[in-house]
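Keep in mind that this is a model prediction, so the values were computed, not measured.
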Amino acid sequence: MAHQIKTTPPKVNAPRKAAAKMALVKPGETRDKGAATPRSLGTPERDTDQDFNVYNVMDKAANAALARVTMGIAPSALAAAWADWLTHLATAPGKQLELIEKAGKKASRQMQYAGRCLSGADVQPCIESLPQDHRFRDPSWQKWPYNMMYQSFLLQQQWWHNAMTDVPGMTKQHENVMAFLARQVLDMMSPSNLPLTNPEVLQATLAQGGMNLVHGAQNFGEDIKRYVTKEKSPEAEAFQLGRDLATSPGQVVYRNRLIELIQYAPTTDQVHPEPILIVPAWIMKYYILDLSPENSMVKFLTGQGFSVFMISWLNPEAEDRDLSMEDYRAMGIMEALDAVQAITGSDHVHGLGYCLGGTLLAIAAAAMARDGDTRFDTLTFLAAQTDFTEAGELTLFINDSQVNFLEDMMWDQGYLSTEQMGGAFRLLRSADLIWSRNVHDYLMGERMKMFDLLAWNADGTRLPYTMHAQYLRQLFLNNDLAEGRYEVAGKPIAISDIRAPIFAVGTEDDHVAPWKSVYKFHRFADTDVTFVLTNGGHNAGIVTEPGHRGRHFRMATTAFDAPFRDADEWQEAVAPQDGSWWTAHAQWLKERSGPLGDLPAMGRAEAGYAPLCAAPGTYVLRA
């Protein structure tokens with residue numbers, strides 16, 4: 001697909017432009033050998049001339065082939081965790097006796113429960129499902145013999161968790177991996193997965209004369225076909241970009257090799273002089289913040305009197321393998337910021353970053369602060385992290401062995417594919433995202449009703465080899481950003497250099513960016529931090545429009561010179577309030593914006609930013 005490429009008008013920040021120039025090297029080209037290449041540029045640290053050694057290539061090719069079978073999970077990492085668990089358990093007689101005792105107590109509890117059930121009394125279960133486990137909520141599971149089946153399963157699940165955790169001498173990371181593996185095996189063996197041991201499936205089969213199984217077989221065949229052909233489901237196809245999703249009117253006003261910049265049409269007669277630049281994650285398509293008209297953050301912000309711009313990232317192919325973190329910063333945020341400033345004429349911009357986009361925004365803002373660039377008036381971070389020591393369940397897949405394995409897989413492909421990335425996320429919630437869905441679609445013979453967030457979630461993206469390898473090693477594995485080693489243009493940056501006030505949002509049930517990890521902005525930023533903790537998960541907690549039922553949030557501002565409070569203390573001290581945090585955020589922005597004034601033009605042709613096409617643009621349509 002051919003795209004019109006525009007260059008940015010000259011700006012005065014020479015060091016930044018020099019770094020951006022370095023970042024614009026195309027795949028297959030060679031950088032100037034005389035130029036110093038910062039650690040955050042170019043190929044992953046481990047990629048040296050030895051990559052072209054025949055033996056090294058053989059190793060990479062072997063790992064890449066194996067990765068296709070293992071869904072990108074390194075067998076060596078799993079073997080190391082298993083060996084760590086087994087050797088330490090074998091030399092822990094106290095732990096062994098404890099497990100024997102627990103097994104006896106659980107067997108006794110189940111026998112007592114069986115006796116009470118045989119007496120005909122209305123008895124309470126001897127063990128309850130975890131709050132997030134909905135597999136056994138139907139009343140039919142309380143009838144014999146299904147009650148005994150699921151109670152036995154839950155007791156085994158609990159015992160295996162005991163067996164995998166608190167083993168003396170075992171590393172925490174290996175402990176988490178083994179608990180995760182045990183959960184995967186047990187989820188596979190759940191009585192809810194089989195038609196003969198699932199009373200809900202049996203009832204449906206009797207009521208429908210077996211047609212549920214016929215429909216389930218049809219659903220299974222359709223899914224296999226779509227997996228092979230990469231076709232979208234008819235339910236997902238019903239949600240079309242520009243018609244059902246990403247419907248906010250606007251224009252693409254800038255395009256380079258990596259981004260399209262969308263300027264949204266104003267919906268008020270006047271706007272604040274400071275525009276908002278939204279930096280979404282590139283791990284999925286940008287329109288999570290512009291879903292349906294009723295839950296679009298873009299529509300909400302334009303309705304509050306703001307000029308809104310959004311970056312739409314390219315969905316990379318194999319030829320984009322050399323795009324780096326520095327390319328994403330320079331060609332993404334910095335060139336978009338130049339365009340926003342040129343179009344609106346404002347020297348001050350509100351930056352807003354979501355997930356990985358928020359991490360990149362923090363990197364860009366810290367580099368700008370270091371170099372005296374003060375264009376960001378405020379910074380908003382939505383479920384974004386700058387410290388990755390407590391980065392949620394994704395850290396199960398992040399250690400030297402695993403990252404090496406992923407790098408070899410991406411080296412072969414040029415990117416991390418949608419399927420490989422999505423597989424890891426599904427494994428983290430296998431009970432809900434794999435097995436419960438299999439029961440619903442293939443045994444009950446029903447299709448899950450599609451809605452906008454599910455349609456967006458099915459519209460995945462790829463991640464280029466170099467960028468993702470750098471992201472995993474420098475941020476996740478080495479935690480360079482939090483520990484002051486991350487470099488931009490050859491010099492380290494520090495989040496503490498940021499002086500713009502920060503609005504940070506964490507969500508209670510986030511397994512991608514746990515809220516206590518997001519809360520660490522209080523530790524690193526030397527500025528006022530307004531922190532919001534809202535209910536919901538990584539996506540649903542952010543897409544929380546006013547009027548959304550069942551939403552609440554906590555919010556408090558900590559001054560830059562106030563004493564530090566840890567996350568638990570903060571949560572206990574700040575009372576929840578009903579409603580959407582969007583309204584509070586809009587008010588926070590207004591208090592830090594100038595008075596309403598004239599509307600900016602859509603694009604600015606004389607400055608090189610003429611509108612190119614209507615939103616949602618072309619990059620988002622690239623499958």
> How far apart are the C-alpha atoms of Leu289 and Ile542, what are their side-chain angles, what is the distance that settles it, and do they pass the side-chain contact (heavy atoms from CB on, under 4.5 Å) test?
Replying inline: CA-CA 9 Å; Leu289 299 178; Ile542 299 302; 4.1 Å; yes
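- The distance from the CD1 atom of Ile363 to the CZ atom of Arg329 is 9.0 Å, given to the nearest 0.5 Å.
- No side-chain N or O of His350 forms a donor-acceptor pair with one of Thr380 less than 3.5 Å apart.
- Between Tyr471 and Phe388, the ring planes lie perpendicular to each other; the angle is over 60°, past the 30° to 60° tilted range.
- In this structure, OG on Ser324 lies 7.5 Å from CE on Met331, to the nearest 0.5 angstrom.
- Expressed to the nearest 0.5 Å, how far CD of Glu545 lies from OG1 of Thr583 amounts to 10.5 Å.
- Asp459 and Tyr287 share a donor-acceptor pair across their side chains, judged by distance under 3.5 Å alone.
- At least one donor-acceptor pair closer than 3.5 Å links the side chain of Thr267 to the backbone N or O of Gly303.
- Contact check on Asp290 versus Lys285 returns no salt bridge, with no Lys/Arg side-chain nitrogen under 4.0 Å from an Asp/Glu carboxylate oxygen.
- Rounding to the nearest 0.5 Å gives a distance of 15.0 Å between CZ of Arg622 and CH2 of Trp313.
- Ring-plane geometry between His585 and Phe503 is classed as tilted, the angle between the planes lying from 30 to 60 degrees on a 0 to 90 degree scale.
- Between His522 and Phe564, the ring planes lie perpendicular to each other; the angle is over 60°, past the 30° to 60° tilted range.
- If you check the side chains of Tyr519 and Asp568, you find no donor sitting under 3.5 Å from an acceptor.
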